[in-house]
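Below you'll find the structure, written out as structure tokens, and then a few comments.
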Amino acid sequence: MEPSIYSFETWVSGISASLIASFLVFAINFLFKLWENYLRNNKFKNIFGNLIDEELNLVVPSLRFRSDVEQFLANNQTGNMSYPLINSSGNFIKLSNLIAFADTVALKYILDLSSKTLGNKSVIVTDSELEKKLDISLVSFGGSSFYCTYVLDQSDNQYYKFDPHSIVSIKDPSTKFILDQTYDYGFIIKYKHPNFQNKTWIIIAGIGESGTRGASYFLYKNWKILASDFKNNCFGIVVRVNHGIDHSAIEVNRIIGA
């Protein structure tokens, strides 16, 4: 019996419909991914600035021993006094410059976030290496950073400042967040220098170590929400965090830039 022409045409039609359907599914998924990436990139720009032609500097403060401590160590070379630090293996070591552990943990959160969007365009650097350079985009970690101190001292800082053991709102000095045995506090400030409006600075710092880490974690988890809330505006946020529990950070205050 000869094969039915109708059956063959039906088979071809079925194959064609299947191919078209597969192509449409692929095209829809592809376009959805493009749209998803577009929205993500736009939200990322709202927080961290437009970084098409530049790197994002992730800045940690470089710390040194006080001069009196250095002198004390220099005058006491007996035993292990010339090697005042100890590593995880129990070996005594000597360093001239140090980086705080809390700052590196805070850095890790934002590095994970920025790498997903910028790839290898994120650069880890110390504040001393940048030599007070201002015409850059950056995220600064820790209250000891030059860039944190610089922003808090500016006359156009309308967000927060440090008092002993507390963060104080500049807009309302009666609003204070005081370190206690249960909670630490940290802030996130988005700042644009008057002379370099095309650059964006994100300042992350806490009263104590948990405040810095918690603030960085909060930004890591909530940057999309903050991008929707603040759009391209500068802002300040204070978070409260249980000591030693970064993921307990919650927002307790916010200020939108003028």
Side-chain angles (χ1 to χ4, degrees), residues 48 56-73 84-87 93-111 113-114 122-157 159-170 176-180 183-191 193 199-220 236-241 243-246 249:
F48 298 97
L56 177 63
N57 293 275
L58 304 179
V59 185
V60 290
S62 176
L63 308 176
R64 295 178 56 88
F65 289 113
R66 300 194 324 257
S67 58
D68 58 331
V69 174
E70 288 183 332
Q71 189 62 49
F72 174 81
L73 294 173
L85 304 176
I86 188 170
N87 64 16
I93 58 175
K94 181 179 182 179
L95 294 174
S96 57
N97 286 23
L98 306 172
I99 295 174
F101 176 71
D103 297 339
T104 61
V105 173
L107 163 72
K108 179 177 66 70
Y109 293 130
I110 305 306
L111 177 62
L113 167 60
S114 63
S122 299
V123 179
I124 301 172
V125 64
T126 65
D127 55 355
S128 60
E129 290 176 277
L130 291 173
E131 298 179 332
K132 302 181 180 180
K133 188 175 182 181
L134 304 181
D135 189 13
I136 56 175
S137 292
L138 61 88
V139 182
S140 171
F141 303 92
S144 301
S145 167
F146 162 78
Y147 292 97
C148 178
T149 303
Y150 183 93
V151 168
L152 298 190
D153 286 344
Q154 296 307 295
S155 60
D156 62 342
N157 169 27
Y159 307 107
Y160 307 105
K161 64 179 180 179
F162 283 124
D163 258 5
H165 308 300
S166 67
I167 293 172
V168 181
S169 168
I170 289 178
K176 286 189 176 185
F177 305 93
I178 303 171
L179 178 75
D180 60 34
Y183 298 120
D184 195 354
Y185 295 88
F187 57 64
I188 305 161
I189 294 175
K190 178 183 175 182
Y191 177 81
H193 194 284
K199 307 299 181 184
T200 300
W201 294 6
I202 303 294
I203 308 298
I204 299 173
I207 303 170
E209 292 185 342
S210 293
T212 298
R213 292 168 52 164
S216 187
Y217 180 85
F218 183 87
L219 179 58
Y220 167 70
I237 286 177
V238 173
V239 303
R240 187 187 73 194
V241 56
H243 290 289
I245 310 176
D246 300 352

Review point. Can you list the steps and then say if Y183 with H243 is a side-chain contact (heavy atoms from CB on, under 4.5 Å)?
Key: CA-CA 6 Å; Y183 298 120; H243 290 289; 5.6 Å; no

Begin with the C-alpha distance, continue with both residues' side-chain angles, and end with the deciding distance and a verdict on side-chain contact (heavy atoms from CB on, under 4.5 Å) for Y191 and D156. CA-CA 9 Å; Y191 177 81; D156 62 342; 3.0 Å; yes

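- Here the CD1 atom belonging to I188 is positioned 5.0 Å from the CG atom belonging to L219, to the nearest 0.5 angstrom.
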Please evaluate residues F187 and I237 with respect to the criterion side-chain contact (heavy atoms from CB on, under 4.5 Å), reporting the C-alpha separation (whole Å), side-chain torsions for both, the decisive distance (0.1 Å), and the verdict. CA-CA 5 Å; F187 57 64; I237 286 177; over 6 Å; no

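- The CG atom of D180 sits 9.0 Å away from atom CZ of R240, with the distance rounded to the nearest 0.5 Å.
- Here the NZ atom belonging to K133 is positioned 11.0 Å from the CG atom belonging to L138, to the nearest 0.5 angstrom.
- Proximity of a side-chain donor or acceptor of Q154 to a complementary backbone N or O of V151 within less than 3.5 Å is not detected.
- Evaluation of the side-chain hydrogen bond (donor to acceptor under 3.5 Å, both in side chains) test over residues 139-148, restricted to residues two or more places apart or in two chains, returns S140-S145.
- F48 and T200 make their closest contact through O-CB, 3.5 Å (heavy atoms, listed as atom of the first residue, atom of the second, distance).
- Within 6.0 Å of NZ on K199 lie more than 12 heavy atoms contributed by other residues, nucleotides or ligands.
- A distance of 12.0 Å separates CD1 in I245 from CG in D184, rounded to the nearest 0.5 Å.
- Judged purely by atom type and a 3.5 angstrom limit, D103 has no side-chain atom pairing as donor or acceptor with the backbone of A106.
- Here the side chains of L111 and L58 are in contact, with some heavy-atom distance below 4.5 Å.
- Annotation: side chain to side chain contact (heavy atoms under 4.5 Å, CB included) contacts of V123 (sequence neighbours excluded): E55, N57.
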Exercise for the section: Evaluate the criterion ring-ring contact (aromatic ring centres under 6.0 Å, His included) for residue pair F162 and Y185; output intermediate values, then yes/no. Expected result: CA-CA 11 Å; F162 283 124; Y185 295 88; over 10 Å; no

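- In this structure, NZ on K161 lies 6.5 Å from CD1 on I170, to the nearest 0.5 angstrom.
- Formation of a donor-acceptor pair under 3.5 Å by the D127 side chain with backbone atoms of S62 is found in this model.
- Contacts of Y217 classified as ring pair (Phe, Tyr, Trp, His ring centres under 6.0 Å), with partners at least two apart in sequence or in another chain: Y109.
- Here the straight-line distance linking atom CG of L107 with atom CD1 of I99 works out to 8.5 Å at 0.5 Å rounding.
- Side-chain atoms of H193 and Y150 include a donor-acceptor pair closer than 3.5 Å.
- Minimum heavy-atom separation, V241 to G214: CG2-CA, 4.2 Å.
- Shown here are the salt bridge (Lys or Arg N to Asp or Glu O under 4.0 Å) partners of K176, two or more places apart in sequence or in another chain: D163.
- Nearest heavy atoms, S114 versus L56: CB-CD2, 4.1 Å.
- The two residues C148 and G143 come nearest to each other via the heavy atoms SG-CA, 3.9 Å.
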Determine all donor-acceptor pairs shorter than 3.5 Å in which one atom belongs to a side chain in residues 201-213; sequence neighbours excluded.
| from | atom 1 | to | atom 2 | distance (Å) |
| --- | --- | --- | --- | --- |
| W201 | NE1 | I136 | O | 3.0 |
| S210 | OG | G244 | N | 2.8 |
| T212 | OG1 | G206 | N | 2.9 |
| R213 | NE | D246 | OD1 | 3.2 |
| R213 | NE | D246 | OD2 | 3.2 |
| R213 | NH2 | D246 | OD2 | 3.4 |

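- Scanning for side-chain hydrogen bond (donor to acceptor under 3.5 Å, both in side chains) contacts around S166 gives an empty result, with sequence neighbours left out.
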